[in-house]
Amino acid sequence: MIREMAQDLGLTTRFIAAFAKGASHAYKTYYITKKNGSYRTIDQPSKQLKAMQRWLAAYVLNGLPIHPAAMAYRENKSIFDNASLHTTSRYLLRMDCKDFFPSITEEDVRLLIASRPTSFGTWQPFEVDLFCRLVCKNGRLTIGAPTSPALSNVVCYDMDAQLTEISKKLGVTYSRYADDLFFSTAEPNVLPELQLKVTAVVGSLTLPKGLSINAAKTRHASKRRARRVTGITLGSDGKPYVGRKVKRKIRAMTHRVDTLDPKARASLAGLIAYVGGFDPDFVNSLITKYGHSVVARARNLPGS
């Protein structure tokens, strides 16, 4: 693995090995204020470390088994696909995994590698050490590393499998979007019973063994009031609708489109295309408010 990485990135194996020993120091940490006043820690890897992590994501993690219930960080999957799984149900339960990425540790990564001999059987012990140092900061996954999303999906395969199994037995649909667990059903009084089972399953996992449910963020909803799944509102007519939060985000980004960096502009164009796919009137409202030229730049249209 290290030889292929060195060749592709134009580095020496000696440099990568030496760099990995101090990789936990190759991050810039900053904080984002959350709604409740607390802070979310973001660890941004250096350009050199990010390049190595992107290589690992593409050539090591890509192709490893991910359970179908995992809907985030997957090609050709979106928050709309996740929400669509739950549109026809009457009752919805959302549960949250506390401190999701940091709860996945180097010990979990090593156990994953040991449990996948087909994928990692040729690795030498020093390559396992190298991989762990490059994808973890001080022994944990971080918010900000390109490897964390895909690695979390792979590590959570067994959890997704167990939660899918207990959900099916109760006639419940299950999906996971990153740290958010969603359960829906047409039958009343099922989800409170399932909630207890989910908490027990998550707390007894061997891989990853550090996850826990944040009880303060557990939410039950029904057709009597708004049901929301990853920013999408589930209408009483059985159809998904874009929530106000997503639309506000698009409007705010469109308003300052000329100040956005290329990555943010690409993200905005994707959001507009996504929303416009099933709510074309919203795109028309953007044009009315900001004008054709501004929206064309926001959509990254040729010549804009």
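Scope of the values below: all heavy atoms of this structure, side chains included, with no hydrogens, waters or symmetry mates. In what follows, residues are counted from 1 in the order of the sequence shown.
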Nearest heavy-atom pair of [X] and [Y]: which atoms, and what distance?
X      : Y      : value
Leu141 : Cys136 : CD2-SG, 4.1 Å
Ser184 : Ser89  : OG-OG, 3.3 Å
Val198 : Leu181 : CG1-CD1, 4.1 Å
Ala72  : Ala178 : CB-N, 3.4 Å
Ala70  : Asp160 : CB-OD2, 3.7 Å
Ala298 : Ile272 : CB-CD1, 3.8 Å

Taking side chain as C-beta onward, heavy atoms only, is [X] less than 4.5 Å from [Y]?
X      : Y      : value
Arg40  : Ile143 : yes
Tyr174 : Val172 : no
Val190 : Tyr91  : no
Arg299 : Val283 : yes
Leu64  : Tyr157 : no
Phe282 : Ile250 : yes
Leu93  : Thr218 : yes

Tell me yes or no: between the side chains of [X] and [Y], is some donor less than 3.5 Å from an acceptor?
X      : Y      : answer
Thr173 : His86  : no
Gln162 : Asp158 : yes
Asn153 : Arg176 : yes

Check against side-chain contact (heavy atoms from CB on, under 4.5 Å), Leu112 and Arg116
CA-CA 6 Å; Leu112 170 71; Arg116 296 282 192 275; 4.2 Å; yes

How long is the span from the [atom1] atom in [X] to the [atom2] atom in [Y], to the nearest 0.5 Å?
X      : Y      : atom1 : atom2 : value
Tyr30  : Ile42  : OH    : CD1   : 5.5 Å
Leu205 : Met159 : CG    : CE    : 6.5 Å
Met253 : Leu260 : CE    : CG    : 5.0 Å

Classify the angle between the aromatic ring planes of Phe120 and Trp123 as parallel (below 30°), tilted (30 to 60°) or perpendicular (above 60°).
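Plane angle over 60°, so perpendicular.
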
Is the ring pair Phe101/Tyr73 parallel, tilted or perpendicular, if the boundaries are 30 and 60 degrees?
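The rings of Phe101 and Tyr73 sit tilted, inter-plane angle from 30° to 60°.
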
Answer yes when [X] and [Y] have at least one side-chain N-carboxylate O distance shorter than 4.0 Å, and no when they do not.
X      : Y      : value
Asp129 : Arg110 : yes
Glu107 : Lys209 : yes
Arg297 : Asp258 : yes

Donor-acceptor pair, [X] side chain versus [Y] backbone, under 3.5 Å?
X      : Y      : value
Glu4   : Met1   : yes
Arg219 : Ala216 : yes
Asp108 : Thr105 : yes
Thr87  : Ala83  : no
Gln53  : Leu134 : yes
Thr185 : Glu187 : yes
Asp99  : Pro102 : no

Steps toward side-chain contact (heavy atoms from CB on, under 4.5 Å) verdict (Leu85, Asp81):
CA-CA 7 Å; Leu85 295 173; Asp81 295 308; over 6 Å; no

Please check if atom [atom1] in [X] has more than 12 non-hydrogen atoms from other residues, nucleotides or ligands closer than 6.0 Å.
X      : atom1 : value
Lys247 : NZ    : yes
Asn189 : CG    : no
Lys50  : NZ    : yes
Tyr39  : OH    : no

Mind checking side-chain hydrogen bond (donor to acceptor under 3.5 Å, both in side chains) for Glu127 and listing every partner two or more places apart, or none if nothing turns up?
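side-chain hydrogen bond (donor to acceptor under 3.5 Å, both in side chains) check on Glu127 returns nothing, list empty.
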
After noting the C-alpha distance and the side-chain angles of Leu92 and Ser222, does the key distance pass the side-chain contact (heavy atoms from CB on, under 4.5 Å) rule?
CA-CA 6 Å; Leu92 177 71; Ser222 69; over 6 Å; no

Listing request: all side chain to side chain donor-acceptor pair (under 3.5 Å) pairs with a residue in residues 132-142, at least two apart in sequence or in separate chains.
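For residues 132-142: Thr29-Lys137, Asp43-Lys137.
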
One pair to check against side-chain contact (heavy atoms from CB on, under 4.5 Å): Gln48 and Leu11. What are the steps and the verdict?
CA-CA 10 Å; Gln48 192 82 71; Leu11 303 171; 3.7 Å; yes

